[in-house]
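Residue indices begin at 1 and follow the sequence shown.
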Amino acid sequence: MKLSWWKWLTIALLLFTVVGGMLSEVPRLAILNETIRNLFFHVPMWFGMILILLISVVYSIKYLRTPSLKNDVMAVEAAKVGILFGVLGIVTGMEWARFTWGEFWSNDPKQNASAIGLLIYFAYLILRGSFQDYQQRARIGAVYNIFAFAALIPLLFILPRLTDSLHPGNGGNPGFNSYDLDARLRLVFYPAVLGWTLLGIWMVTVKARLELLKQRIYETI
């Protein structure tokens, strides 16, 4: 199977992330210590999630303007991959919290907001599954998808900043980039963001192609 250049780039970036993330020298920070390596996995997955869900919204808008099977399939498959990245982000975040905050879940505003955001997207999948008619499912799903993304952004980036939070960059706490994201971390962090995001896009394209193929086979039966 021939791979496009960006897919080879994805593989190279992820290999660099895993190897560099585990073996590279990192700053010795109070409390964080070796757990700072999770910065190369937890945070990039959330960045990837946001971009992939944005792609989903774009295709939902395209479907409302120009209804087509491809637009609907791309929207829903991107949402599924975005949800997967979100779940992985929460799991890696919980593991990080256990070592730095003392427990997996401390009801931190950022944690709660992230969980609510994912529940909104799980509801999107349930909503789609409740309609038998394809056009109704696709149209209502597209409208809900736009609402879900519009709700996710303030949940993740606005509301946690308005209250006390243990999470970096929220509740008065400085973000990593403002006080300790040194050159050693940046060397792996930026490729990690790009690598995980490209992996998500790759997954979306594969899942969408498979779903479109299944639909074509179904139509010929």
Would you please test N145 and S56 for side-chain hydrogen bond (donor to acceptor under 3.5 Å, both in side chains) and show each step? CA-CA 8 Å; N145 194 19; S56 177; 2.7 Å; yes
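- The environment of R98 atom CZ is dense: over 12 non-hydrogen atoms of other residues, nucleotides or ligands sit within 6.0 angstrom.
- Looking only at side-chain heavy atoms (C-beta outward), I120 and L152 stay at 4.5 Å or farther from each other.
- Counting heavy atoms from C-beta on, the side chains of W196 and T17 come closer than 4.5 Å.
- Side-chain contact between S114 and L156: present, with at least one pair of heavy atoms (C-beta onward) separated by less than 4.5 Å.
- Between Y121 and F149, some side-chain heavy-atom pair lies under the 4.5 Å cut-off.
- Q111 approaches A97 most closely through the heavy-atom pair NE2-CB, 4.0 Å.
- At a threshold of 4.5 Å between non-hydrogen side-chain atoms, the residues Y124 and L127 do not count as touching.
- Ion pairing of R128 with D72 is present here, as a side-chain N (NZ or NE/NH1/NH2) and a carboxylate O approach within less than 4.0 Å.
- Across all non-hydrogen atoms, the minimal contact from L212 to K70 is CD2-CA, 4.1 Å.
- Counting heavy-atom neighbours within 6.0 Å of E103 CD, excluding the residue itself, gives a total above 12.
- The heavy-atom pair separating G21 from F40 by the smallest distance is CA-CD1, 3.4 Å.
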List the atom pairs, with distances to 0.1 Å, where a side-chain N or O of residues 75-86 and a protein N or O form a donor-acceptor pair under 3.5 Å, not counting sequence neighbours.
{"unit_1": "E77", "atom_1": "OE1", "unit_2": "K207", "atom_2": "NZ", "d": "3.2"}

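- When the shell of 6.0 Å around CZ of F47 is examined, it contains 12 or fewer heavy atoms from other residues, nucleotides or ligands.
- Of all the heavy atoms in W6 and L198, the pair that sits closest is CZ3-O, 3.7 Å.
- Counting only heavy atoms from C-beta outward, the side chains of W105 and I90 approach each other to under 4.5 Å.
- Residue Q136 qualifies as enclosed at atom CD: its count of foreign heavy atoms under 6.0 Å is above 12.
- In plain terms, the two heavy atoms of I146 and V57 that are nearest each other are CG1-CG1, 4.3 Å.
- A donor-acceptor pair under 3.5 Å is absent between the side-chain atoms of W202 and the main chain of T197, judged by distance alone.
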